[in-house]
Amino acid sequence: MQVNCPIPIQENNKIKLAHGGGSKLSNKLINDIIIREFNNEWLNQMHDGAIINLNGPLAFCTDSFVVNPLFFPGGDIGDLAVNGTVNDLTCCGAKPKFISLALILEEGLEIDILKKVIQSISKSAEKAGVKIVTGDTKVVEKGKGDQIFINTSGIGEILPGLHINAQNLKEGDKIILSGTLADHGVAIMSSREGIAFETSIKSDTAPLNDLLLNVYNITKNIKMMRDPTRGGLASALNEIASAANKEFVIWENELPIHEEVRGACEILGLDPLYIANEGKMLFFVEPKDAEKVVSSLKNHPQGKNAAIIGEVKNGRPLVKLQTTIASHRIIDMISGEQLPRIC
């Protein structure tokens, strides 16, 4: 007798777009293939960058950018590349210092477009206080790329007194989000698809190192940080919960989302919890410090919508959303890809 399974079996012997989207597939790829092969104490931290010690603690990170389109409301691939690397170093508790810049250019790219991207990179690096100190350029045949791909790596000095690690988390610790959700992803989607809304929705791409300093001046007892980029808030929280072996409860009523972004998500059938952000930060702090941290964030232009959005619980490593009607539902890591090539 032949038994047919009503749930389709996914063929996972080839790379899909979802492998690059902060989803279950990308998590499986990283853990089952990459981490397993390169297994070491620095890589196994599974953080935004590695914390190493070379005559003092440093953070080192790398990232690649394939966003489509190259230019979008509020930013472009150039400032996205700088800010993404600066923010990964910041999440490690580091002061970003130096960045490398590698360009993969497609034959036929207009020189004026390249100049515009390079100028954006220069302005963003100056704003973030980092130097572009090394790099590389390659050109591929027409049709073998998509105008410009960028890879950046960064080095930063760990700020004294900071020890960022998911295993620091304890029951009762508060989860703080520095601002509104889903701005970047919705800006990319609306630009890519030519969708016009009554109000302008812009990417939130921005360097977060100055924002961290505001908090650092209030307390050095920051237990964990993460910028919820690919896969959005939901994926970032699931990754941290797994690393901490803790349960997180998020309060739907406290999630800051611009009304125009919420409306756009409803029109497009997207969940803002899973949409990428490029200028927001999650802070995990002790209850006694939470209100002080929110106040310090609100005093910074990038943190004016900061809010305490949840707390850490002892329990299985998962994320729960307490809804507006006080029920609970599990917020899992996304299984596929909502918005490909978002950064």
Side-chain angles (χ1 to χ4, degrees), residues 41-53 57-61 86-96 156-179 208-229 231-251 254-256 277 280-300 302-303 306-320 331 333:
E41 62 182 287
W42 300 279
L43 189 62
N44 291 351
Q45 293 173 20
M46 291 289 287
H47 201 17
D48 280 327
I51 298 174
I52 56 180
N53 199 309
L58 299 174
F60 172 61
C61 72
V86 165
N87 294 346
D88 282 349
L89 292 170
T90 300
C91 286
C92 295
K95 179 181 179 180
E157 297 174 331
I158 300 296
L159 292 169
L162 288 188
H163 303 282
I164 307 300
N165 193 312
Q167 295 184 7
N168 292 334
L169 299 182
K170 296 181 179 179
E171 183 170 26
D173 287 341
K174 301 301 181 185
I175 305 170
I176 296 169
L177 180 63
S178 67
L208 297 171
N209 48 331
D210 191 51
L211 189 71
L212 169 59
L213 291 179
N214 264 36
V215 177
Y216 180 72
N217 290 331
I218 297 298
T219 177
K220 295 176 177 56
N221 193 23
I222 306 167
K223 296 190 172 184
M224 183 63 188
M225 292 185 290
R226 181 67 56 88
D227 55 335
T229 53
L233 178 69
S235 292
L237 288 174
N238 271 282
E239 289 171 359
I240 299 169
S242 178
N245 197 30
K246 297 290 184 184
E247 177 182 305
F248 297 160
V249 176
I250 305 302
W251 307 313
E254 302 301 326
L255 293 175
N277 312 272
K280 302 301 185 320
M281 183 82 82
L282 285 165
F283 294 89
F284 291 74
V285 300
E286 291 186 355
K288 65 181 178 63
D289 294 326
E291 292 294 344
K292 292 186 296 183
V293 168
V294 170
S295 294
S296 71
L297 289 170
K298 286 182 178 292
N299 286 330
H300 192 283
Q302 290 166 227
I308 301 171
I309 64 166
E311 62 184 0
V312 177
K313 299 282 190 181
N314 287 330
R316 290 186 300 145
L318 52 80
V319 180
K320 290 181 179 177
I331 303 299
M333 184 174 287

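- Remark: side-chain polar atoms of Asp227 are not paired, donor with acceptor, to backbone N or O of Thr229 under 3.5 angstrom.
- In this structure, the side chain of Tyr216 does not engage the main chain of Gly93 through any donor-acceptor pair within 3.5 Å.
- Between Asp88 and Cys61, the shortest heavy-atom distance links the atoms CB-SG, 3.8 Å.
- Listed by chain and number, the residues in a salt bridge (charged side-chain N to carboxylate O under 4.0 Å, His left out) with Lys313 are Glu311 (sequence neighbours excluded).
- Listed by chain and residue number, Ala166 satisfy the side chain to side chain contact (heavy atoms under 4.5 Å, CB included) test with Ala243 (two or more places apart in sequence, or in another chain).
- Separating the NZ atom in Lys95 from the CG atom in Leu89 is a distance of 13.0 Å, to the nearest 0.5 Å.
- Under the 3.5 Å distance criterion, the side-chain polar atoms of Ser295 are matched with a main-chain donor or acceptor of Glu291.
- The distance from the CD1 atom of Ile222 to the CG atom of Leu162 is 5.0 Å, given to the nearest 0.5 Å.
- How far SG of Cys91 is from CZ of Arg226: 7.0 Å, rounded to the nearest 0.5 Å.
- Residues forming a side chain to side chain donor-acceptor pair (under 3.5 Å) with Asn221 (at least two apart in sequence, or on another chain): Glu286.
- With sequence neighbours excluded, the residues satisfying side chain to side chain donor-acceptor pair (under 3.5 Å) with Lys223 are Asp173.
- Asn168 contributes no side-chain N or O that, together with a main-chain N or O of Met224, makes up a donor-acceptor pair within less than 3.5 Å.
- Residues passing the salt bridge (charged side-chain N to carboxylate O under 4.0 Å, His left out) test with Lys320, sequence neighbours excluded: Glu247.
- Taking CD1 from Ile309 and CD1 from Ile250, the interatomic distance works out to 4.5 Å, rounded to the nearest 0.5 Å.
- Between the NZ atom in Lys174 and the NZ atom in Lys288 there is a gap of 13.5 Å [rounded to 0.5 Å].
- With sequence neighbours left out, Ile218 forms a side chain to side chain contact (heavy atoms under 4.5 Å, CB included) with Lys292, Ser296.
- A pairwise comparison of heavy atoms in Lys220 and Pro160 identifies CD-O, 3.9 Å as the closest pair.
- With sequence neighbours left out, the side chain to side chain donor-acceptor pair (under 3.5 Å) criterion links Asn209 to no other residue.
- Of the options Ile176, Leu177, Val293, Val285, a side chain to side chain contact (heavy atoms under 4.5 Å, CB included) to Ile308 is made by Ile176 and by none of the others.
- Under the side chain to side chain contact (heavy atoms under 4.5 Å, CB included) criterion, Asp210 pairs with Leu213, His300, not counting sequence neighbours.
- The side chain to side chain contact (heavy atoms under 4.5 Å, CB included) check on Pro317 picks up Asn245, with sequence neighbours excluded.
- For the atom pair CD1 of Ile158 and SG of Cys92, the computed distance is 6.0 Å after rounding to the nearest 0.5 Å.
- Listed by chain and number, the residues in a ring pair (Phe, Tyr, Trp, His ring centres under 6.0 Å) with Phe248 are Phe284 (sequence neighbours excluded).
- Taking all atoms of both residues into account, the shortest heavy-atom contact from Ala306 to Lys298 is O-NZ, 3.2 Å.
- Applying the salt bridge (charged side-chain N to carboxylate O under 4.0 Å, His left out) test to pairs two or more places apart or on separate chains, none has a residue in residues 161-172.
- In this structure, Asn87 contributes its side chain and Leu208 its backbone to a donor-acceptor pair below 3.5 Å.
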